[in-house]
Amino acid sequence: QVQLVESGGGLVQAGGSLRLSCLASGRTFSSYVMGWFRQAPGKEREFVQGISGTGDRTYYTDSVKGRFTISRDNVKNTVYLQMNSLKPEDTAVYYCAAKQSYSWTAAMHTSSEYTYWGQGTQVTVSS
């Protein structure tokens, strides 16, 4: 069982930055692929970024390319999402998710692949 707790959300003006954190319980954090997803009102949950267990490979959706960066610290059991140049369309509830796997597959862009989810943190970008 893995518990995930996100933090770092808030209200920011367009062009600003936020860093989200997701703290995971458990002793085998490095054996989990981690993903960040987001869900805006009236829209489906969408993949934002993912990272392999060792942190050597990362994946992203095109809309955040060059603006968001995912990273992880396997000593601290934490995954981060650094968000720069934020836009109003980035407004959503952001969730971190975990799937026990040593390797990334294309399916991991899909929310149904993930076993564990955090409660979400709200990010609001004003224009």
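If you read the sequence from its start, that first residue is 1, and numbering goes on from there. Reckoned from all heavy atoms, side chains included, excluding hydrogens, waters and symmetry mates.
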### Step-by-step side chain to side chain contact (heavy atoms under 4.5 Å, CB included) determination, W36 to F68
CA-CA 11 Å; W36 283 99; F68 291 10; over 6 Å; no

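- Taken from SG in C96 to CD in E6, the straight-line distance is 4.0 Å, to the nearest 0.5 Å.
- Side-chain atoms of S101 come within 3.5 Å of backbone atoms of S103 as a donor-acceptor pair (strictly under, hydrogens ignored).
- Counting heavy atoms from C-beta on, the side chains of Y94 and M83 come closer than 4.5 Å.
- In terms of modelled atom types and a separation under 3.5 Å, the side chain of N77 and the main chain of A24 share a donor-acceptor contact.
- Listed by chain and residue number, nothing satisfies the ring pair (Phe, Tyr, Trp, His ring centres under 6.0 Å) test with Y60 (two or more places apart in sequence, or in another chain).
- The two residues Y95 and G118 make their nearest non-hydrogen contact at CD2-O, 3.7 Å.
- L20 has its side chain within reach of T121: a pair of non-hydrogen atoms, C-beta onward, lies under 4.5 Å apart.
- Taken together through direct or relayed side-chain contacts under 4.5 Å among Ile, Leu, Val, Met, Phe, Trp and Tyr, V33 and I51 form parts of separate hydrophobic clusters.
- Taking the ring axis of Y80 as reference, the NZ or CZ atom of R72 does not stay both within 45° of it and closer than 6.0 Å to the ring centre.
- Note that CG of L81 is 9.5 Å distant from OG of S21, once rounded to the nearest 0.5 Å.
- No donor-acceptor pair under 3.5 Å is formed between the side chain of Q49 and the backbone N or O of T61.
- Taking both residues in full, the closest heavy atoms of A98 and Y32 are given as CB-CD2, 3.9 Å, listed atom of the first, atom of the second, then distance.
- Residues Y59 and V64 are members of separate hydrophobic clusters, defined by side-chain heavy-atom contacts under 4.5 angstrom among Ile, Leu, Val, Met, Phe, Trp and Tyr.
- Pairs engaging residues 39-66 under the salt bridge (charged side-chain N to carboxylate O under 4.0 Å, His left out) rule: R38-E46 [sequence neighbours left out].
- A donor-acceptor distance shorter than 3.5 angstrom exists from the side chain of N74 to the backbone of G53, with no hydrogens or angles considered.
- Residue V2 is tested with Y116, F29, W117 for a side-chain contact (heavy atoms from CB on, under 4.5 Å); the sole match is Y116.
- Of all non-hydrogen atoms in A40 and A92, the two that sit nearest each other are N-CB, 3.8 Å.
- Atoms CH2 and NZ, on W104 and K99 in that order, are 10.5 Å from each other to the nearest 0.5 Å.
- Counting non-hydrogen atoms of neighbouring residues, nucleotides and ligands closer than 6.0 angstrom, the CD atom of Q3 reaches no more than 12 such neighbours.
- Between L86 and L18, the shortest heavy-atom contact is CD1-N, 3.9 Å.
- No side-chain heavy atom of M108 sits less than 4.5 Å from a side-chain heavy atom of F47.
- In this structure, S85 and S17 approach most closely via the heavy-atom pair N-OG, 4.3 Å.
- The backbone N or O of V125 lies less than 3.5 Å from a partner atom in the side chain of T91, making a donor-acceptor pair.
- Side-chain contact between L4 and V79 is absent, with no heavy atoms from C-beta onward closer than 4.5 Å.
- Q122 and T124 share a donor-acceptor pair across their side chains, judged by distance under 3.5 Å alone.
- Side-chain contact between I70 and Q82 is absent, with no heavy-atom pair separated by less than 4.5 Å.
- Using modelled atom types, one finds no donor on one side chain facing an acceptor on the other under 3.5 Å when comparing T78 with D73.
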